[in-house]
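Structure record follows, encoded as structure tokens.
Chain letters run A, B, ... following the sequence lines, proteins first, then strands; residues in each count from 1. Predicted model only: the values in this text are computed from it and were never measured.
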Amino acid sequence: MPVASTSTKKIPLFKPSPIKHSTPKRKPIPNWVDVSDGEDHIGKRKRLNSHVNVSNGAFKHHPQAHSTPPRKKPRVSGPAEEPLEPIQEHRRQLPIARGKDALVQEIIANEVTVLLGETGSGKTTQVPQYLLDAGFAEQGIIGITQPRKVAAISLARRVSVEQGQPLGTRVGYSVRFDERASAETKIKYMTDGMLTRELLGDSLLSKYSVIVIDEAHERTLRTDLLLANLKRILRLRNKGEDGKGKGKARNPLKVVIMSATLDAEKFSQFFHSAKIIYVKGRQHPVKIYHSAQGQQDYVDAALRTFFQIHIDQPPGDVLIFLPGQEDIESLEKSIELFANQLPQGHPEVMVVPMFAALQASQMPRVFAVPQNNARKCILATNIAETSITIPGVRYVIDTGKGKEKRYLAGNTGGGLDTLMTRDITQSSAMQRAGRAGREGPGFCYRLYTEEAFAAMLPAAEPEIMRCSLAQAMLQLLCLGQDLQELDLMDMPDHDAISSALRTLFLLGALDSHRELTPLGRAMASFPLEPTHARAVIASKELGSTAEVLDVISVLASSSKLFVDATDKRAEIAEARRALIHPAGDHLTLLNTVRAYRAAGVNGEDDDGEAERRKEAKGKGKVGRDARKEWARAHFISERTLREAAAIREQLCVSCERAGIDWRVSCGEREEPVLLSLAHGLAQNAALIAPDGTYKQIMGQTVVKIHPGSSMADKKVPAIIYDELVYTNQIYARGVSSISKSFFATLGAFNRREA
DNA sequence: TGGGGATTT
């Protein structure tokens, strides 16, 4: 074995194991309907537990598991028929097509339907079209929610092609910063956050005749809030004229809950034992191997497994799931080292790292076709589980580990995010394995035992149990709802609720009777965390709105501004030196945003005013290129800056509605900026102790300034910070120095505003 | 001396 000679370690041995016990034992539930076999079974409801496997969407484990699934011929055929358009033929061949009539019948007959559809069933593209055909769009819109923007957009694009109509007419989408929909739109794909927002304006969602919640198993915070509200809306909209459910409701609503796997029964129970409809998927079979023994060092085990595949197995790209960037970079080096020592005749290896913080310029490599028949090896975080699909993958190596952020509510100084490497869930494991079967039969090597798989949690805890509730509570209060009284699928811990209430009180959003204040209502009108919204509002009196919007829009962006590459540390530090502000990270952000804007004018520094005038006239290519080059030279994510610019524009609109003049600037004075931010970050503050450590003002937690902060290793009397993250230690991230005297008056300030 | 991944009229 050539690799064994370069490594003293033994290659792990794998035994094939067809996951015999991955279908959880379930009690017979009378509500199950299987429509996979098509219209033969209309009216003849089959009991699921007697004949169909449902829990394992990623791969098959019945006797015919390892053969390619049969492709059904179109039902409409014969010499007399017109040949079907390729698109329509494709639609008819999707697994769900055979169940169309039965599915529509069930949706007509029931208020809520739970649709359990495996990957590749076609449920997300087809069900809305079936509902359209069945006349559901005559009284309203068919809305389909997605957790991710890109999914909503690409689905709408696909379905508009299937409908033969331009995007934005019959089929449209609506996501933040981007909408393609019109008065004639009947099928609308949208993010769950968008529909949550619509609730604030129309608490009955009355323009929708059907709402389809897709990927419900992901249980995002917004999905959970939607589900609770849909239950309420159904009660209000679907009762008859006499108000008691008799007679015909004027504007009834249908709800369809779609889930890939697992938890279908929980959705059914939540909606009063709603019918569960099951549709098979059409995924290529993936053969699963578990390691015979548990692996202590998963990076090393992944290394050995990769070369075992590379040397022994036929061509096909390899996707390795790892927890984070550190492991990815370490494995990348190891694989390259060993790949260079391979004997002649072995294909080369092209190693591609993939994680969210990667520079945009590196991303295309993931999709590139390797040269010289090299084998591509993608090292990815769980970004490759749901967000990005990579073509060509035939082998998956699953370490069984992933990082998970979890919010721990504090009873004093705000909360704390933990970011820890943990065992993944069974649902994640199946999702990861499924990534090997998208184009053909595949293989998944799990670096953990079958017993370890069985011991994993079936699914991740819902997000509502793992995040700060302050923003959700504030939004609900504006709807006249109380999170504690809401009929949620899972109720968050009492600690999380009281911590959020406390935060809202300290920010002045609630009064001492827990009533929403005018300030709270103003805060809720911003698409921001309450802490950030508070800072924007505080900037009005302090005359620093333009600057605060520059800072907050970056903080509210989904990705990092400063991209770091481990191997260019010195170069990066040198490039950014001029941007660093002695007062800390917030003003460093401000410098960066200003410099970026100025770079678009002449490549020279500028007060930004000229650029704003130029922007108003239309964006010039020269300016765009200059900005792009500037961002690249300073190792700054332009994607983040562009997202921040879009957020800033939206915030300006919110400011206008709230009576805040977003043009007001404090010029070069820095204190008004920091003071505004401090009004929002009042709970996130620490004072230096005699021993040189920082201690929270509210609460006694000792915090360390994150090494990535410009304030790292600096000793100042007092700091504010964006967040606390616990990894190995409790780190404060996004740190600025602030005058100590500020805190004496802060509490009084917020309450006076309230 | 260290950064799982989404999202918002």
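Using a 4.0 Å heavy-atom criterion, one finds that A:R569 contacts the bases of the nucleic acid, with or without backbone contacts as well. Within the 4.0 angstrom heavy-atom criterion, base atoms lie near A:S525. The residue A:E218 sits apart from the nucleic acid: no heavy atom pair falls under 4.0 Å. Heavy atoms of A:F526 sit nowhere under 4.0 angstrom from any nucleic acid atom. In this structure, A:I383 reaches the sugar-phosphate backbone alone: every heavy-atom distance under 4.0 Å involves primed, P, OP1 or OP2 atoms, never a base. Among the protein residues, A:R148 comes within range of the sugar-phosphate backbone only, with heavy atoms under 4.0 Å from sugar or phosphate atoms but none that close to a base. Nucleic acid contact for A:V725: none, since no nucleic acid atom lies under 4.0 Å from a heavy atom of the residue. Contacts of A:S387 with the nucleic acid, taken as non-hydrogen atoms under 4.0 Å apart, involve only primed sugar atoms and P, OP1 or OP2.
In this structure, A:T191 and A:Y731 both approach DNA chain B, and ranking their closest nucleotides by distance from the 5' end singles out A:Y731. Remark on DNA chain B: of its neighbouring residues A:E326 and A:P527, the 5'-side contact belongs to A:E326, judged by nearest-heavy-atom nucleotide.
Listed by chain and residue number, A:H310 satisfy the ring pair (Phe, Tyr, Trp, His ring centres under 6.0 Å) test with A:F306 (two or more places apart in sequence, or in another chain). Partners of A:D423 under the salt bridge (Lys or Arg N to Asp or Glu O under 4.0 Å) rule, at least two apart in sequence or in another chain, are A:K401. Qualifying ring pair (Phe, Tyr, Trp, His ring centres under 6.0 Å) partners for A:H532, counting only residues two or more places apart in sequence or in other chains: none. For the side-chain hydrogen bond (donor to acceptor under 3.5 Å, both in side chains) test, residues two or more places apart in sequence or in another chain that qualify with A:E385 are A:S428, A:R432.
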Let me have the donor-acceptor pairs involving side chains of residues 551-561 of chain A, under 3.5 Å, with sequence neighbours excluded, atom names and distances please.
from: A:S553; atom 1: OG; to: A:L549; atom 2: O; distance (Å): 2.8
from: A:S553; atom 1: OG; to: A:D550; atom 2: O; distance (Å): 3.1
from: A:S557; atom 1: OG; to: A:S553; atom 2: O; distance (Å): 2.9
from: A:S557; atom 1: OG; to: A:V554; atom 2: O; distance (Å): 3.4
from: A:S558; atom 1: OG; to: A:E643; atom 2: OE1; distance (Å): 2.9
from: A:S558; atom 1: OG; to: A:E643; atom 2: OE2; distance (Å): 3.1
from: A:S559; atom 1: OG; to: A:T640; atom 2: OG1; distance (Å): 3.1

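Exactly one residue among A:L590, A:V593, A:I636 makes a side chain to side chain contact (heavy atoms under 4.5 Å, CB included) with A:L579. That residue is A:I636.
Here the range on DNA chain B touched by chain A, meaning any atom under 4.0 Å from one of its heavy atoms, is B:dT1 to B:dT9.
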